[in-house]
Every structure is written in C-alpha cells, then in structure tokens.
Amino acid sequence: MAKTIKEREEGVFLPLAPMEYIPVGQVGEEAIAVHWQEEELIQPKEEFIRQANMTDVGIYERFSEENYPECFKEYADMLSWDRYWTQILDASNPPFFKWFVGGKLNACYNCVDRHLEKYGNKAAIIFAPEPEDEPYQFITYKELYRRVNEFAALLLDMGVKENDVVTFHMPMVAELPISMLACARIGAIHSEVFGGFSGKSVAERADDAESKVLITMDSYYRSGKVIDHKARADESVNQCKETKIEKVLIWERYPGKYSSSTPLVEGRDYLINDLLENYRGRRVKPLSKPAEDVLFLMYTSGTTARPKGCQHSIGGYLSYVAGTSKYLFDIHPEDTYWCLADIGWITGHSYIVYGPLSIAATSVIFEGTPTYPDAGRSWRIAEDLEVNIFHTSPTMIRMIRKEGPDEPDKYDYHFKLMCTVGEAIEPEVWRWYYDKVGKGEAAIIDTWWQTENGGVIGSNLPALRAMRPGSCGIGMPGIYPVIFDEQGNEIEKGSGKAGNICIKRPWPGSFQTIWKDPDRYVETYYSKYSKVGSKDYRDYCYFAGDGAVQAADGCFRILGRIDDVINVAGHRLGAKEIESSSGTNEEVAESAVVAKKDAIKGTVVDLYVALKPGFEPSEELEAKIRNKVGTDIGPIARPSRVHIVPDMPKTRSGKIMRRVLAAISNKESVGDVTSLANPEIVEVIKNQVQGQRESVLV
Ligand code: WTA
C-alpha cells in the first residue's frame with residue numbers, strides 16, 4: 001500500500017540541528033554558500049507524487065550498502081542487452097572499475113530502435129529554432145531512426161571505423177544528437193566540444209583524441225545573430241599539432257543552402273546534407289558492443305592547463321542515465337521534457353540525449369538563449385510545446401528573473417517538475433523559481449554531479465523526500481557520499497563543519513579513466529583519500545574536488561570547487577588554462593586567476609597579471625589580454641576584469657597567494673599576510689582593485 005508523505009518522512013528526516021558553518025579555510029569558491037541560513041522543508045504536491053515513477057521509499061533500502069553492487073541490476077534491466085552480462089562489477093584492478101562485464105549492447109539501439117514499435121510516431125526530439133518565425137521541428141522516433149541510419153551509413157563510407165574518435169564542434173541543433181547516435185550505432189566514439197569554444201580549444205581536444213574527422217555546422221543563431229561557425233573549423237584544422245584532421249563534415253543550418261562566408265576546402269570539407277541524398281533509405285545494423293567499450297569522451301577542465309578527456313562506457317553509463325532519468329527526472333514517455341543545458345556539456349549528453357531517449361522521452365532542444373528576444377521566450381516555448389519538466393541552471397534562473405520577474409505569469413504552462421544543476425542555488429533564487437516559474441505547483445530537484453560522474457550523484461528523489469532550498473539533498477540510491485577533513489577524518493553530519501565531499505563506492509555511471517592518462521586519473525581522484533596500491537576496492541574513495549557540509553538529516557550543501565577550477569555560470573573553467581593563455585602575451589610575466597562572486601553568474605573570473613620589465617600597464621593591454629583568453633579558449637572564459645598589478649603577493653617559497661587576491665576581489669578580509677615575502681604589496685593591490693569602478697565587462 002502506498003505510504004502517505006508523513007509516513008514516508010519518518011525515518012528519512014531527523015530534526016534539524018542549528019548550522020554553524022566553518023569554511024574549509026580558503027577564500028575561494030567554496031566559501032560562498034557557507035553563510036546561507038538553513039531553510040525549511042517544502043513537500044512535493046500530492047498530484048506529483050500520485051503520478052511519479054518512483055514512489056517506493058524502499059528504494060533507499062534496496063540500494064543500501066548491504067545490497068551493493070547488486071542493486072544496480074535495477075538500472076541495467078531498463079536497457080535491452082544483446083547478450084546479458086555475467087558479472088555486475090569487476091573491481092579486481094581498482095580504481096579501474098568495470099560494470100556489467102560480459103554484456104553486449106548498442107546505445108543507439110537502446111535510444112532509438114527499441115522504441116519504434118510502441119512510440120514510432122511520437123516525437124523523440126523537438127527542435128525549437130531561435131528565430132520565432134521558424135516552425136518547431138518535430139522529429140518522431142521513426143524519423144530519428146531514418147536520419148541516424150542514413151548518417152551512420154555516410155560515416156562508414158567516410159572511413160569512420162569502430163573505436164575511432166570523431167570530434168564534434170556542434171551548436172544546439174537536432175543534428176547533434178543525430179550525429180552522436182550515428183557514431184554510437186557504428187561503434188565509433190564521439191567527443192563533442194562545446195559550440196562556444198574556440199577553434200584552438202577544439203584543436204587541443206582533437207589532438208588528444210587523435211581524431212581524423214571533425215563534424216561541425218555552417219552557422220547557427222545566437223541572441224539574434226547568425227554565427228559563422230564553420231570559420232572555427234578552419235582554425236581547428238590549422239591549429240592541430242599532433243593529428244591531421246582529414247575530413248570536415250558540415251551540417252547546414254538550412255539544408256541545401258550553405259550559410260558561411262568560409263569557402264569549402266576541396267577534398268577536406270563535405271556538405272553532409274548534399275551527400276545524404278545518396279543515402280536515402282539506407283540502414284545500418286547497430287553494432288553489438290561490449291558494455292565496457294567507450295561511448296564518448298567529454299573533455300573537462302582540471303587543475304593543469306590540459307583538459308581531461310573523461311572516458312564514459314556504454315553499458316554502465318547508459319544504465320545509470322536511464323535509471324536516473326526515470327526515477328529522478330521522473331520522465332514518462334508521455335511527458336515533454338526540456339533541458340536548457342547545452343549538449344556540449346555533460347548535462348546535455350546525459351539529460352537531453354542519452355538518458356531521456358533511452359526511456360522513450362520527448363526531449364526539447366532549443367537553439368537560442370532564454371532571454372532573447374525577451375524574457376518571455378522560454379515560457380512561450382513551454383506553453384507551445386506543453387513542456388511539463390523543465391531543467392536549467394541557477395545562472396539561467398538568475399538571468400531570467402532579472403530580465404523578466406513577472407513573465408511566467410503571462411503564459412499558460414504547467415510544470416510538474418523543475419530541475420537545477422551546475423552550481424549552488426541561493427535559497428532566495430530557489431524560491432523565485434518555485435513560486436514564479438513553477439507557479440507553486442512543481443517539485444524541484446537540485447542535482448549535484450560532475451562531468452566525471454556521468455549522471456546525478458546527489459539529489460532527492462522528488463516524490464520521496466521534501467525539498468530544502470539551497471541543498472541538493474542526499475546521495476542518490478547506490479551513491480554513498482562522505483565528507484572528510486584534510487587529515488582524512490570523517491566529518492559527522494550535523495556538525496556544521498565543511499570538508500571535502502567524496503564517494504565511497506564506484507557506480508556504473510562514473511567515467512572509466514582519463515583518456516590516455518590513467519596516472520592522472522588515479523592521481524586526481526584516487527590519491528587523496530584512497531590507499532593506492534591496495535587490491536581491495538573498498539580502499540578507494542572518489543575525491544570530487546568540491547567542498548560540502550552535511551545537515552543532521554543527511555542533506556548535503558555543495559559549497560563549490562576546492563581546487564583550481566572555477567565555475568562560471570555553471571561552466572567549468574580551469575584557472576591554469578586561463579593563466580597559460582594570458583601568459584602567451586609577450587608583456588605578461590605572471591598571471592593568477594581568482595573567482596569573484598557575481599549576482600547573476602555565481603562566480604566570474606578576475607585575472608591578475610604582473611608585467612615583464614619594460615612594459616607599462618594600460619587599458620589597451622588589459623583589453624588585449626582579456627580578448628586573448630576569449631580567442632584561445634572561448635568567450636565564456638574571458639575574465640570579467642584584468643588587473644595589471646606591480647607584483648603578485650607571494651609566499652617565501654615564491655608561490656603566488658591566490659587566496660589573498662581572491663579576498664581582495666571579493667572585498668573580504670585578506671587575513672594575516674605578515675608571513676608573505678612581500679606583505680606590503682597587498683595594500684597596494686587592494687587600493688588599486690577596490691578603488692576601481694565596479695563595472696563588469698562581458
Ligand atoms: C558544481 C556539471 C552545487 C560542482 C553537471 C561540481 C554544483 C561542478 C551542482 C561540476 C549543484 C554541479 N550544486 N554545485 N547542484 N552541480 N555543481 O563537470 O562544483 O560541468 O564539481 O558538471 O559543478 O561541473 P561539470
């Protein structure tokens with residue numbers, strides 16, 4: 001018999017302890033959310049609970065440590081296997097974990113073919129173009145099947161083979177999931193680079209992945225402008241150092257009408273839409289692949305200048321995103337689900353493409369920005385398409401609120417569930433999301449996870465647990481988070497102390513390794529709190545790189561990155577990547593990046609620069625350095641401010657004290673600086689930076 005909410009609550013929630021947060025000790029990202037007040041609980045509505053996919057509180061017991069790892073069979077059984085697996089987890093070579101060993105499957109088959117019989121005429125993807133006078137494109141599962149097959153056949157003829165890595169540099173269009181699924185169908189590995197990244201960023205990733213084929217698009221719309229995207233492809237090909245991109249396959253925004261000012265390079269560039277004429281009706285059998293083969297790479301920023309290629313498996317990844325799409329995002333085939341994230345990031349891979357399509361969802365893809373041409377744009381789409389699950393990031397919510405706080409009232413849409421991801425959400429912003437966007441009807445899930453994790457690892461299942469603004473909730477079923485202090489002691493829940501959040505046991509969605517760099521994988525994630533060398537997998541604990549506190553009821557509040565990674569508008573940027581780009585200016589001697597709090601983007605980048613002798617500071621030079629970062633990495637990485645300072649604050653051993661610079665940027669106390677090699681510089685920098693006008697250049 002179904003339990004009432006009250007009954008369900010008992011045993012799940014404990015009385016709240018007063019919170020007295022103690023920051024990890026740095027004035028960086030992780031200190032941002034620690035001062036928030038503990039919020040009250042809000043119950044999901046009965047209407048939501050009545051229709052939810054997961055209403056059995058017993059799931060937490062089923063996925064408890066006693067039932068680990070067998071519990072994950074429940075997710076694997078949501079997929080269709082060509083050959084059923086024989087071993088759920090092979091942990092004999094930790095921390096390299098293998099899931100569903102012996103099993104064979106195809107990800108494209110699972111996301112497309114198997115839905116044809118029941119849902120063939122239902123929309124799999126709805127493409128919402130940015131120009132409002134262009135019609136929505138409804139792509140049914142049958143149509144998706146046709147298009148994926150034809151493109152898969154084309155890829156085979158282009159010489160793409162099993163396990164080749166194909167690099168993508170695609171904007172938010174339906175052709176992106178079509179290309180991903182076509183690769184998956186033939187057993188090739190895709191590596192999509194966020195469309196807003198520069199040609200150079202694409203080249204670095206294509207080099208690392210040894211890609212010979214690049215898939216891109218001629219142009220797309222963004223905030224009313226037509227972006228000439230093909231130009232980036234030429235930059236990418238020219239800047240590859242180790243690999244030669246032999247073929248550039250170009251989708252056309254308007255098939256048959258090439259829309260880019262860059263000429264096609266004979267013998268290298270191919271217009272996909274032209275070639276597809278020869279593939280009409282072609283079918284390609286989905287290749288049956290071992291569960292542990294690679295589905296895709298997703299590069300992400302780390303603590304060095306070189307991005308890390310997170311390598312995701314087929315069987316484990318797809319099981320995990322299918323399971324979480326069903327139980328957490330509560331997607332039913334009848335729902336219209338819209339995730340505003342970009343497919344160029346992990347959220348889009350897992351929760352626009354693979355997760356939703358694996359469970360026969362209707363997934364909306366929007367080309368543009370939610371505030372263009374006005375802040376009502378998102379709500380018009382929601383109304384038109386009868387979207388009932390809406391997923392976005394705190395930055396988007398802050399932006400939409402700023403531009404149109406009352407816009408949602410004007411539109412007739414109703415969400416049953418809303419999701420947020422990528423950054424901590426301020427309770428006050430959460431409330432606006434709940435009251436205005438969700439009209440007080442929709443449940444909210446705050447989902448914590450990372451590129452490395454494949455799917456959400458910290459959140460409350462929406463029909464089973466109450467919401468608490470600003471807190472992501474507990475570990476997802478089968479995920480056992482723990483917080484350690486610097487010495488490796490476990491921090492008790494309810495103690496009010498912050499520490500480093502880690503995950504005790506591996507899970508199927510987790511990445512397998514860093515592409516071609518297993519040592520960096522072990523070093524980055526499994527050296528701090530693991531006994532490297534042990535053969536017992538229980539001696540390995542995944543270090544996430546986030547600070548967190550845990551309330552007495554078990555709910556986690558994620559405080560932000562504790563390493564040299566900065567989260568700008570929910571996008572991960574490596575401080576070192578930006579610093580090394582800055583250092584390529586001939587005038588620059590030293591660079592230091594810090595995170596500065598921002599009302600809309602959560603954090604923005606402040607870049608401190610010291611010049612080589614003989615060069616003088618100037619506004620032009622600041623602009624030059626700033627723009628160089630934008631060209632090297634992409635516009636999102638452009639610092640909000642460049643501060644040219646006479647010298648950097650340094651320790652006696654010569655280390656730049658970013659902590660001091662961060663305190664200055666955020667107008668916080670710099671603390672005791674007497675032990676620095678040059679304490680007098682702190683006051684000079686402080687006067688310079690805090691005396692400047694408070695404008696943020698974007
Ligand atoms: C941050 C995005 C607070 C966190 C899926 C993490 C969050 C980084 C949340 C990963 C959340 C993600 N609350 N912080 N709900 N979700 N983060 O790899 O610092 O782009 O380490 O993956 O975003 O960013 P990534």
Side-chain angles (χ1 to χ4, degrees), residues 24 28-34 36 192-194 196-197 297-303 307-310 312 320-321 324 328-329 339-352 355 391-397 418-427 429-430 433 444-460 467-476 481 498 500-503 509-511 514 524-525 542-549 555-575 595 601-603 636-637:
V24 195
E29 274 231 318
E30 78 286 359
I32 287 171
V34 292
W36 296 349
E192 154 75 355
V193 182
F194 170 57
F197 271 155
L297 305 182
M298 165 73 47
Y299 282 84
T300 190
S301 296
T303 50
K308 305 175 277 195
C310 293
H312 285 281
Y320 196 72
V321 295
T324 48
L328 176 65
F329 291 91
C339 171
L340 249 175
D342 196 292
I343 301 176
W345 308 112
I346 192 70
T347 304
H349 271 52
S350 302
Y351 298 116
I352 296 179
H391 185 1
T392 191
S393 66
T395 289
M396 290 289 187
I397 301 167
M418 303 193 299
C419 324
T420 130
V421 65
E423 314 152 60
I425 180 164
E426 300 82 347
V429 176
W430 192 102
Y433 195 37
I444 295 185
I445 47 172
D446 180 345
T447 65
W448 171 66
W449 60 298
Q450 312 170 303
T451 305
E452 293 84 342
N453 309 151
V456 177
I457 54 174
S459 196
N460 281 333
M467 302 163 253
R468 160 144 353 117
S471 162
C472 73
I474 60 171
M476 282 288 288
N500 299 324
I501 189 162
C502 298
I503 311 294
S510 183
F511 68 147
I514 296 176
T524 312
Y525 305 98
Y542 172 81
F543 170 65
D546 275 328
V549 287
C555 287
F556 292 95
R557 173 169 290 180
I558 305 298
L559 307 175
R561 304 290 313 188
I562 50 157
D563 53 13
D564 290 341
V565 173
I566 296 181
N567 194 335
V568 177
H571 304 315
R572 252 168 93 166
L573 299 170
K601 297 183 179 177
T603 34
I636 53 159

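Numbering of ligands and ligand atoms starts at 1, following listing order.
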> Quick one: does I346 get an N or O within less than 3.5 Å of an N or O on ligand 1?
Replying inline: no
>> How long is the straight-line distance from CE of M396 back to CD of E423, given to the nearest 0.5 Å?
In response: 10.0 Å
>> In this structure, does ligand 1 have an atom that sits under 4.0 Å from one of the heavy atoms of W449?
In response: yes
>> Which of the numbered atoms in ligand 1 are under 4.0 angstrom from any heavy atom belonging to T447?
In response: 9 (C), 11 (C), 15 (N), 16 (N)
>> Out of all atoms in ligand 1, which are within 4.0 Å of some heavy atom of A424? Include the element for each.
In response: 3 (C), 13 (N), 14 (N)
> Can you find an N/O atom of E452 closer than 3.5 Å to an N/O atom of ligand 1?
Replying inline: no
>> Could you go through D546 and W448, starting from their C-alpha distance and side-chain angles, then the distance that decides it, and tell me whether this counts as side-chain hydrogen bond (donor to acceptor under 3.5 Å, both in side chains)?
In response: CA-CA 10 Å; D546 275 328; W448 171 66; 2.9 Å; yes
>> Quick check for you: to the nearest 0.5 Å, what is the distance between T300 atom OG1 and R572 atom CZ?
In response: 3.5 Å
> Do F197 and W345 have ring centroids that are under 6.0 Å from one another?
Replying inline: yes
>> Residue-level breakdown please: for H571 versus ligand 1, do any non-hydrogen atoms fall below 4.0 Å on the side chain, on the backbone, on both, or on neither?
In response: neither
>> For the CZ atom of F511 and the OG1 atom of T451, what is their distance to the nearest 0.5 Å?
In response: 9.5 Å
> Below 3.5 angstrom, do we get any N/O pair linking Q450 and ligand 1?
Replying inline: yes
> What closest approach, in Å, do L559 and A498 show between heavy atoms, and which atom pair accounts for it?
Replying inline: CD1-CB, 3.6 Å
> Just which atoms of ligand 1 are under 4.0 Å from any heavy atom in I558?
Replying inline: 3 (C), 14 (N)
>> Show the atoms of ligand 1 that are less than 4.0 angstrom away from any heavy atom in T347.
In response: 5 (C)
> Can you list the steps and then say if Y320 with S350 is a side-chain hydrogen bond (donor to acceptor under 3.5 Å, both in side chains)?
Replying inline: CA-CA 9 Å; Y320 196 72; S350 302; over 6 Å; no
> Can you tell me if C472 has a non-hydrogen atom under 4.0 Å from ligand 1?
Replying inline: no
> Would one find an N or O of D546, backbone or side chain, under 3.5 Å from an N or O of ligand 1?
Replying inline: yes
> Do V568 and I636 come close enough that some side-chain heavy atom pair is under 4.5 Å?
Replying inline: no
> Out of V421, N567, D446, whose heavy atom sits nearest atom 15 (N) of ligand 1?
Replying inline: D446
> So which heavy atom on Y542 is nearest to which on E452, and how close?
Replying inline: OH-CB, 3.4 Å
> Can you find an N or O of T420 that's nearer than 3.5 Å to an N or O of ligand 1?
Replying inline: no
> Which is closest to atom 18 (O) of ligand 1 by heavy-atom distance: L573, T451, I501?
Replying inline: T451
